[in-house]
Protein chains: 2
Amino acid sequence: MPLAPVQETCAGCPIRHRAVCAHCEPQELERLERIKSYADIAAGAPIFFAGEPMRHVASVVSGAAILSRTLEDGRRQINGLMLPSDFIGRPWRETIPFDVTAASPVRLCRFERIAFEKILGDTPHVSERLLSMTLDDLDAARDWAVVLGRMAARERISAFLLILARRLGRTDRHDPSRVTFSLPLTREAIADLLGLTLETASRQMSALRRDGVIETEGRSTVIVPDLARLQEEAQDDDDGTGLT
Amino acid sequence: MPLAPVQETCAGCPIRHRAVCAHCEPQELERLERIKSYADIAAGAPIFFAGEPMRHVASVVSGAAILSRTLEDGRRQINGLMLPSDFIGRPWRETIPFDVTAASPVRLCRFERIAFEKILGDTPHVSERLLSMTLDDLDAARDWAVVLGRMAARERISAFLLILARRLGRTDRHDPSRVTFSLPLTREAIADLLGLTLETASRQMSALRRDGVIETEGRSTVIVPDLARLQEEAQDDDDGTGLT
DNA sequence: CTTTCGCATTGACGCAGATCAACATCAGAA
DNA sequence: TTCTGATGTTGATCTGCGTCAATGCGAAAG
């Protein structure tokens with residue numbers, strides 16, 4: 001159901017992610033280049049804490065980061081899953097709204113926030129692009145409410161796997177409906193993303209495996225033998241071409 | 001838990017809502033004025049349908065509109081509740097992503113979309129303001145996941161009432177913690193917003209009334225005798241001042 | 001190789017909320 | 001005013017998922 005943002009990288013651009021490089025002039029890229037730095041974070045390690053001053057904005061290069069909020073009694077909800085090409089951070093905001101954690105080993109490309117804002121002010125097309133991306137993210141976040149508010153456990157797991165298949169999946173050379181990807185989240189994280197317990201998440205994964213909707217190899221590799229079948233399970237009417 | 005966007009209107013501005021008028025120069029306001037029109041929609045009537053071409057963007061002047069998505073089997077989730085000062089619509093997008101419906105009688109201030117985009121391109125501060133608002137909406141939408149994914153029915157109802165109290169509530173002259181407002185949604189709509197059934201929504205409202213957390217007058221007037229009490233019920237650690 | 005610890009799986013049981021059903025109340029029409 | 005259909009309330013029962021508990025497995029260290 002929630003539409004996966006399309007991954008866009010522009011070949012030849014030194015900053016290889018959709019947030020800032022699309023349609024940039026050489027001198028603009030150079031300006032961005034000067035304020036950028038890379039950061040590698042180990043799986044499970046915190047990246048930012050909610051409420052902290054926001055010194056950087058960043059783009060995910062590889063791995064998966066999660067945004068989360070934890071209630072006083074320990075209940076945790078993952079509010080966002082950030083995959084390669086996703087943008088983390090908020091220009092013109094002083095503090096970080098959610099805890100950001102590495103779900104798997106993550107590489108970030110960071111930009112010093114204040115300097116990034118200056119560039120935004122000078123280059124309307126970057127600003128416009130950021131607005132467009134944010135509107136996409138807003139739609140995706142609102143779409144997620146359908147998963148959390150109205151879907152059964154099995155449908156939630158299916159919707160989640162479908163998103164990963166679309167964004168991370170490698171299509172089989174001989175059978176385009178067969179897709180393989182590596183799960184970047186533990187069962188607990190999957191549960192916290194989907195509003196379930198880890199036991200229910202595990203049980204539903206097992207059930208999907210029993211029913212032939214997915215296959216697994218080792219602990220983290222998932223194979224979807226027939227993407228259309230998974231779409232049905234996820235109540236997804238979208239054909240994935242993004243042409244709706 | 002979800003922070004209510006602060007209502008901002010600027011006195012003397014002919015377009016009295018935060019989306020476009022803040023900090024506008026007279027000539028910019030005049031340009032906006034030329035492409036704007038008002039629309040009044042009766043309660044329950046559709047405003048836009050998902051998938052339709054988006055001819056307008058709009059701002060809610062009064063009443064309440066809802067964004068919703070309905071699955072093939074009839075399950076509905078309300079993805080957004082738009083109250084006065086909220087902005088509906090997406091520059092640079094051809095189609096409408098959600099069904100938009102009037103939950104109560106709604107007055108919209110509409111701008112022809114293409115012309116609005118031209119103004120955005122010419123006035124960076126309007127564009128920047130729209131980005132800032134969209135980022136706020138994104139945070140609010142992500143915060144909502146905590147309600148849908150991790151909160152019990154009673155907490156969901158409390159969180160919902162707290163949002164309305166903050167955005168629509170009139171504070172009692174003698175007791176600042178006593179707040180009154182009018183519910184713009186039916187029980188069914190409340191349930192669809194909170195991921196519950198209408199029976200559960202009704203039962204929890206009754207329970208909160210029995211326990212003295214709220215009082216009611218007629219079908220739609222709600223009185224919160226002690227806002228702090230409601231905040232506890234909603235697991236809300238925010239003090240509502242927006243200074244966090 | 002074996003140990004070890006974190007993660008995943010599976011089972012048994014209980015409960016919050018869904019479902020089915022009956023009735024109450026309110027607003028608008030006649 | 002009364003009638004009528006929509007909306008809201010409350011009760012009885014069912015069930016999907018949460019909770020508690022035990023066991024299995026696999027990757028990294030020794």
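Atom set for the values below is all heavy atoms of this structure, side chains included, hydrogens, waters and symmetry mates excluded. Quick caveat, the model's predicted, so the values are computed rather than measured.
- Straight-line distance from the CD atom of A/E217 to the P atom of D/dC25: 18 Å, rounded to whole Å.
- Results of the side-chain contact (heavy atoms from CB on, under 4.5 Å) test with A/S206 over A/R210, A/R203, A/Q204 single out A/R210 as the only residue that passes.
- One interatomic measurement links the two molecules: CG of B/L183 to C1' of C/dC26, which rounds to 15 Å at whole-angstrom precision.
- Both A/R150 and A/R210 sit near DNA chain C, but only A/R210 has its closest nucleotide nearer the 5' end.
- Salt bridge annotation for A/D236-A/R166: present, with a cationic side-chain nitrogen under 4.0 angstrom from a carboxylate oxygen.
- For B/S202, the side-chain atoms get nearest to D/dT10 when compared with the rest of D/dT10, C/dC7, C/dG17.
- Between B/R178 and B/D226 there is no salt bridge, since none of the side-chain N atoms of the basic residue sits less than 4.0 Å from a carboxylate O of the acidic one.
- If you check every strand for non-hydrogen atoms under 4.0 Å, A/G44 touches nothing.
- Figure legend: B/R170 and B/F181 shown without cation-pi pairing, the cationic atom not lying both under 6.0 angstrom from the six-membered ring centre and within 45 degrees of its axis.
- One atom, CG of B/L185, and another, C1' of D/dG8, lie 14 Å apart when rounded to the nearest Å.
- In this structure, A/R209 places its CZ atom 6 Å from P of C/dT10, rounding to the nearest Å.
- As a whole-Å value, the separation of B/R156 CZ from C/dA18 C1' is 12 Å.
- Ion pairing of B/E233 with B/R154 is present here, as a side-chain N (NZ or NE/NH1/NH2) and a carboxylate O approach within less than 4.0 Å.
- Between A/R219 atom CZ and D/dG24 atom C1' the separation is 9 Å, expressed in whole Å.
- Ranking D/dT10, D/dC20, D/dG24 by closeness to the A/E199 side chain, first place goes to D/dC20.
- Closest to the side chain of A/R203, out of D/dT19, D/dG18, C/dG17, is D/dT19.
- Residue A/S206 places at least one side-chain N or O closer than 4.0 Å to OP1 or OP2 of C/dT10.
- Distance from the side chain of A/T197 is smallest to D/dG18 among D/dT9, D/dC17, D/dG18.
- The separation between A/R187 atom CZ and C/dG6 atom C1' is 14 Å, rounded to whole Å.
- A/L198 has its CG atom 13 Å from the P atom of C/dT10, to the nearest Å.
- In this structure, the nucleotide among D/dT19, C/dT9, D/dT7 sitting nearest to the side chain of B/T186 is D/dT7.
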